[in-house]
Amino acid sequence: MITHTSYAVEPWTLREHELDTGLLPQSESVFALSNGHVGWRGNLDEGEPHGLPGSYLNGVYETHPLPYAEAGYGYPESGQTVIDVTNGKIIRLLVDDEPFDLRYGRVLRHERVLDLRAGVLRRSCEWVSPAGRTVRVRSTRLVSFTQRAIAAVAYEVEAVDAPVRVVVQSELVANEQLPTASGDPRTAAVLQSPLAAEEHHAQGPRLRLVHRTRTSGLRVGVAADHVVDGPEPTRTSSESGDDVARFTVTSLLRPGERLRVEKSVAHGWSGVRSLPAVGDQVEAALAAAASVGWQGLVDEQREYLDDFWARADVEVDGDEQIQQAVRFALFHVLQAGARAERRAIPAKGLTGSGYDGHAFWDTEMFVLPLLTYTAPDAVAEALRWRQATLPAARERAAQLGLAGAAFPWRTIEGKEGSAYWPAGTAAFHVNAGIADAVVRYCAATGDTGFERDTGVELLAETARLWRSLGHHDSHGAFHIDGVTGPDEYSAIANDNTYTNLMARANLLAAADAAERHRDRAAELGVDEEESAGWRDAAEAMHVPYNKELGVHEQHAGFTRLQRWDFAATRPDQYPLLLHFPYFDLYRKQVVKQADLVLALYTCSGFFDEEHMERDFAYYEPLTVRDSSLSACAQAVVAARTGHLNLAYDYLVEAALMDLEDLEDNTRDGLHIASLAGTWTALVAGFGGMRQTGEGLEFTPRLPEKLRRLAFCLRVRGRCLRVELRATAVTYTLLSGEPLTVRHYGEPLALAAGEPRSREVPRTGPRQTPDQPPHRRPNARG
Ligand code: BGC
């Protein structure tokens with residue numbers, strides 16, 4: 001855990017003043033740069049010391065057998081693990097005879113700054129070698145949003161008080177040694193030496209390595225080019241071997257003189273292209289980067305981000321740390337998704353190898369909502385990736401004896417990668433999450449081309465799955481039995497309310513879309529009878545309810561299970577999954593993460609106010625938040641039910657998940673869903689934003705702690721700004737054709753440049769629901 005204040009609180013930057021090598025694993029995740037295609041962890045330029053070296057290429061993985069003590073029909077046989085690809089970040093430095101290594105000598109000054117507007121990581125350091133030579137080292141690193149294959153570093157070393165001979169070794173390194181994995185199931189399987197060498201090349205400042213993964217057969221090419229500027233005499237040489245290519249620069253620096261090396265690194269991979277083709281691909285990417293040069297890459301990056309912030313920024317007055325955290329969150333979510341382009345957006349983005357680099361329902365239910373209203377093109381691409389994996393999802397459904405498509409619980413390339421079926425395959429709700437993302441994207445953008453080409457197919461195939469997974473009972477009610485909902489401390493339960501309500505929405509959306517796009521539906525074999533069957537199932541969907549308690553059940557029978565003995569559970573026994581058997585968790589009332597409460601948010605139309613309040617009050621004392629996906633959902637529902645201070649506390653937890661390493665696993669990569677949840681807590685929670693069939697609806701309310709909250713949303717090609725203060729809210733359409741939104745149900749017609757303000761109703765005092773002992777969020781509201 002990061003217990004001290006590691007990062008200075010500033011609105012647009014994340015600044016580290018001190019180097020604590022014990023915290024390197026965490027800071028490497030926090031300072032990771034990515035564009036969704038290439039990811040570089042924030043490792044120090046010289047490679048060591050490190051927590052976890054990491055360079056990732058979205059979609060590059062290795063397969064490995066999934067072992068079972070007892071085999072069973074339909075168990076996935078092969079798992080996928082993201083691999084650490086060829087590392088292009090490394091720039092080693094020799095100062096006179098000694099390696100520049102912060103574990104030796106003296107660090108006079110150290111600073112790393114992640115600049116959220118410039119999209120670069122800057123480092124500066126002043127170091128005295130054990131022999132007493134002082135040098136200043138500065139570097140700036142970026143992973144380009146505009147040229148997706150490119151990452152680049154500008155590296156400078158300066159002599160301070162005496163002449164020094166410096167040697168800079170800029171390298172490409174494949175098959176780096178990785179630390180062994182811990183026993184935590186959430187870390188990655190470590191695959192040593194996953195890359196087999198195919199080609200190495202070094203000529204002047206240009207380096208290239210091409211490798212192939214041993215089993216998955218993916219070809220990975222990484223190439224680098226350099227521009228050197230140093231005093232005479234500065235000499236260079238280069239060499240390469242199977243797993244290392246090196247460009248070496250030697251110079252003699254007098255005090256005040258600098259040696260500067262600009263390095264661009266191109267990445268490419270393919271499962272089908274030949275060795276020469278992949279080699280050419282990375283050379284071509286280098287040529288494109290060279291055509292704009294280092295400064296050009298920096299300028300393009302800034303321009304890209306200026307445009308993003310103009311349509312996506314969230315302003316928070318009253319809590320500077322949350323202001324910083326929400327921008328940090330937006331930046332990292334953008335990094336995870338911006339250029340993923342028909343690849344998955346993993347739970348950790350490309351910031352670490354946690355969860356083996358897999359994508360889960362996190363993408364559609366947590367990450368895509370933010371991107372829908374800030375970078376909608378990335379959402380269309382993410383859903384087209386799901387569409388591209390339909391063959392595997394159909395095959396999986398058939399294997400399970402089901403119709404339509406069964407999307408995987410966790411995957412990199414589309415096949416089910418979960419070896420534990422009760423919390424994997426049985427979590428069918430991932431399918432409804434995908435449908436939900438389609439509906440939201442189409443409603444927010446009006447992209448009918450996408451709906452026709454991609455949306456209808458995803459909706460129809462998932463509707464087919466629900467129709468075959470569930471059944472009508474003798475009274476006609478539709479049940480979905482034996483599934484696992486979001487709460488992974490319950491499994492294989494009947495009629496999980498979240499799943500049923502999300503499936504209901506999925507079935508209706510599929511029937512509606514098939515009506516709007518009859519030709520396309522016919523191409524997919526959907527006829528009127530089939531879509532009528534979807535509507536019947538949706539209308540008859542059973543939702544379990546305990547009349548005595550007057551609350552909805554998380555799943556049928558949940559409220560009569562024995563309650564978990566919270567009083568006897570020590571604080572160090574959380575997360576429960578690391579200290580108690582699933583067998584016991586499954587048969588008691590204990591909730592890992594918002595499940596019924598998530599339904600209160602995502603299916604809010606189903607619940608009246610009274611039930612929302614009662615259900616929230618019932619599930620709060622049972623919810624232990626052993627998943628980072630929980631706090632943000634609880635924040636939204638707490639805000640909707642008027643518990644604004646509690647909502648604030650949950651917002652803070654979601655926002656600081658990684659900045660303060662609250663779950664003690666930020667070293668494995670960032671919690672992208674929780675970061676996205678920071679935005680959700682603010683926009684859907686305090687902003688009260690909801691996408692309905694009739695457009696956007698707002699029920700805003702500000703917690704006492706904040707003076708002002710303002711955010712921008714992309715809606716149907718327009719930019720809508722919402723500015724909320726304690727007693728009033730102002731809606732401004734910044735551009736585009738008129739748009740109608742709803743404020744507490746009242747339609748407001750907005751014309752560009754004509755702000756409209758409305759009062760914000762006050763909430764009366766309320767009894768705040770309890771949380772389990774030791775699991776109350778830190779009070780900040
Ligand atoms: C949660 C899942 C989530 C996964 C990846 C688990 O701990 O229970 O809901 O999808 O982490 O973030």
Side-chain angles (χ1 to χ4, degrees), residues 29 79-82 184-188 329 332-333 336-337 344-369 407-412 416-434 436-437 483-491 493 496 498-499 502 554 574-580 582 585-586 590-599 601-602 622-634 653-654 657-658 662-678 680:
S29 299
Q80 306 142 31
T81 294
V82 64
D184 188 329
R186 298 167 295 181
T187 58
H332 270 295
V333 174
I345 301 178
K348 305 282 178 194
L350 299 177
T351 66
S353 58
Y355 281 123
D356 283 305
H358 292 169
F360 296 71
W361 70 308
D362 305 34
T363 309
E364 282 79 11
M365 290 309 292
F366 294 82
V367 175
L368 297 193
F407 283 100
W409 175 243
R410 52 189 294 173
T411 192
I412 295 179
E416 179 59 83
S418 169
Y420 182 59
W421 69 271
T425 298
F428 285 100
H429 66 82
V430 59
N431 296 282
I434 294 168
D436 190 54
V483 302
T484 300
D487 164 25
E488 294 185 344
Y489 291 168
S490 287
N496 170 260
Y498 170 85
T499 304
M502 292 291 290
Q554 183 174 295
Y574 292 96
L576 301 178
L577 66 102
L578 298 184
H579 301 93
F580 297 95
Y582 274 113
L585 294 164
Y586 287 170
V590 52
V591 177
K592 179 184 182 191
Q593 63 200 96
D595 184 316
L596 191 288
V597 168
L598 183 62
Y601 158 39
T602 59
L622 303 174
T623 306
V624 295
R625 300 196 313 291
D626 279 352
S627 159
S628 65
L629 273 52
S630 203
C632 58
Q634 287 170 269
E653 185 170 301
M657 188 62 64
D658 289 308
L662 299 180
E663 289 200 346
D664 198 17
N665 58 6
T666 294
R667 59 183 173 270
D668 302 328
L670 299 180
H671 299 80
I672 300 295
S674 181
L675 289 168
T678 309
T680 306

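All ligand and atom numbering here is 1-based and tracks the order in the structure. Quick note: residue numbers are just sequence positions, from 1.
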side-chain hydrogen bond (donor to acceptor under 3.5 Å, both in side chains) involving E416 - partner list, sequence neighbours excluded: none
4.5 Å side-chain heavy-atom contact, L662 and E653: yes
Enumerated ligand 1 atoms positioned under 4.0 Å from heavy atoms of W361: 2 (C), 3 (C), 9 (O), 10 (O)
Proximal atoms of ligand 1 relative to D362 (non-hydrogen, under 4.0 Å): 3 (C), 5 (C), 10 (O), 12 (O)
Any N/O pair W409/ligand 1 closer than 3.5 Å: no
Q593 contact mode with ligand 1 (heavy-atom cut-off under 4.0 Å): side chain
Numbering as shown, the atoms of ligand 1 that approach L629 to under 4.0 Å (heavy-atom distance): 3 (C), 9 (O), 10 (O), 12 (O)
Distance-only N or O hit between ligand 1 and D626, under 3.5 Å: no
Contact summary for M365 and Y498, nearest pair of heavy atoms: CE-OH, 3.4 Å
K348 vs H671 side-chain heavy atoms within contact, under 4.5 Å: yes
C632 vs F366 side-chain heavy atoms within contact, under 4.5 Å: yes
